[in-house]
Trainee: 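Here it is: the structure, laid out below.
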Amino acid sequence: TTVEEVDNPEDLETRAPIVTVMGHVDHGKTSLLDYIREENVIAGESGGITQHIGAYGVTLKDGQKIAFLDTPGHEAFTAMRARGAQVTDLAIIVVAADDDVMPQTKEAISHAQAAGVPIVFAINKVDKPTANPDKIKESLANMNLLVEDWGGKIQSQDISAKTGQGVQELLEKVLLEAELLELKANPDKIANGTVVEAYLDKGRGYVSTVLVQAGTLKIGDYVLAGTHSGKVKAMQDERGKDIKEAGPSTPISILGLDGAPQAGDKFNVYEDEREAKQIATKRTQLQREQSVRTQRH
Ligand code: GDP
């Protein structure tokens, strides 16, 4: 059975924050995520080509870690929330300094607020001659969102996702904000977490990117995610590097599931393989019955 017992406080250890990047189209979400991912590889030990696996981890110079959901925009955020998955600890909301607070910026803000997730604003494109970060901060102030250099409590950082200006500082502010959340998890138990994305790879079979939220996932563990299950045959990070075990707040691609679960599906490790398979079968039946019912209506 899965063990989702209440953790003893002494078993809890600080875990890295899990961050989503949201904002209006073309304001620079993808550029920022790409910059952070690639910069980390340059600073990191092994290098190599990074893949979009839906999530990645960065380690800063001082050893602190941040996990990023690599799907920009709030569609992924709301899709996961709709499935009951509360994965994000913190939201970076990107606003282009040569534009304004736009409809999707406002949407992103209200999504983060509805989820109770703190916001750090990244005022982007400050390398542009037409950039006016103060105008953005004024617009935010008019929405009752006072950033720090306007005397408020909300963190914001002027950045350029193109040149990298301010990105390090942005990440430091994210970590500062995360510290206040006192994020903790017990690494010394069987793992659970959430599926970020999954697909069928021609050569490797089903590849599922999951975010471990508690416990430690190991090769050989029997995993059930949504209606799919299987033994973890291999785990890889965004660089394709083989990993033997993954603790809390680690995004990881796993091989070995018998299908592709959906983004937002919870995953659990089962000690009893048969029990996991039975639950998977039951869930599949339930889904079929539900789809028959909706077809009738
Ligand atoms: P998204 O739709 O929010 O993901 O935005 P993108 O990352 O695709 O960026 C939209 C456009 O803005 C692209 O042409 C980027 O090259 C450009 N861009 C993004 N960030 C910056 C920046 O900091 N400075 C400049 N000059 N251009 C940027």
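Just so you know, ligand 1 is whichever comes first in the structure, and atom 1 is the first atom listed for that ligand. Scope of the values below: all heavy atoms of this structure, side chains included, with no hydrogens, waters or symmetry mates. This is a predicted model, so every value here is computed, not measured. By convention here, the first residue in the shown sequence is residue 1.
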Trainee: I'd like to check atom 18 (N) of ligand 1 in this structure: does the protein have a heavy atom lying under 4.0 Å from it?
Mentor: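 True for atom 18 (N) of ligand 1.
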Trainee: Could you find the nearest protein heavy atom to atom 12 (O) of ligand 1 and give me its residue, atom name and distance?
Mentor: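 Atom 12 (O) of ligand 1 sits closest to the protein heavy atom K125 NZ, 3.0 Å.
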Trainee: Please list, in number order, the atoms of ligand 1 under 4.0 Å from a heavy atom of S31.
Mentor: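 Ligand 1 atoms under the 4.0 Å threshold to S31: 6 (P), 7 (O), 9 (O), 15 (C), 19 (C), 20 (N).
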Trainee: Check the side chains of T194 and D265 for a donor-acceptor pair under 3.5 angstrom, ignoring hydrogens and angles.
Mentor: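 Their side chains do not contain a donor-acceptor pair, so the 3.5 Å distance test is not met.
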Trainee: So which protein heavy atom does atom 5 (O) of ligand 1 come closest to, and at what separation?
Mentor: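 Its nearest protein heavy-atom neighbour is G28 N, 3.1 Å.
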Trainee: Distance to 0.1 Å, residue and atom name: give those for the protein heavy atom nearest to atom 23 (O) of ligand 1.
Mentor: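 Answer, as residue, atom name and distance: A161 N, 2.9 Å.
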Trainee: Need the ligand 1 atom indices (1-based, order shown) with element for anything under 4.0 Å from a heavy-atom of D26.
Mentor: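 Every atom of ligand 1 under 4.0 Å from some heavy atom of D26: 1 (P), 2 (O), 3 (O), 5 (O), 10 (C), 12 (O).
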Trainee: Only one of D98, V95, I136, I159 forms a side-chain contact (heavy atoms from CB on, under 4.5 Å) with N124, so which one is it?
Mentor: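 So, applying the side-chain contact (heavy atoms from CB on, under 4.5 Å) to N124 and each of D98, V95, I136, I159, only I159 qualifies.
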Trainee: Closest approach of A91 and M22, non-hydrogen atoms and distance?
Mentor: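 Scanning both residues completely, I find the closest heavy atoms to be CB-CE, 3.9 Å.
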Trainee: Provide, to 0.1 Å, the distance between atom 4 (O) of ligand 1 and the closest protein heavy atom, together with that atom's residue and name.
Mentor: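 Ranking protein heavy atoms by distance from atom 4 (O) of ligand 1, first comes T30 OG1, 2.5 Å.
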Trainee: Minimum heavy-atom separation for S160 to D127, with atom names?
Mentor: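 Looking at all heavy atoms of both residues, the closest pair is OG-OD1, 2.8 Å.
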Trainee: Quick check on the 6.0 Å ring-centre criterion: do F68 and Y56 meet it?
Mentor: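 Between Y56 and F68, which both carry aromatic rings, the centre distance is below 6.0 Å.
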Trainee: Give me the nearest non-hydrogen protein atom to atom 26 (N) of ligand 1 as residue plus atom name, then the distance to 0.1 Å.
Mentor: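 Scanning the protein heavy atoms, the shortest distance from atom 26 (N) of ligand 1 goes to D127 OD2, 2.9 Å.
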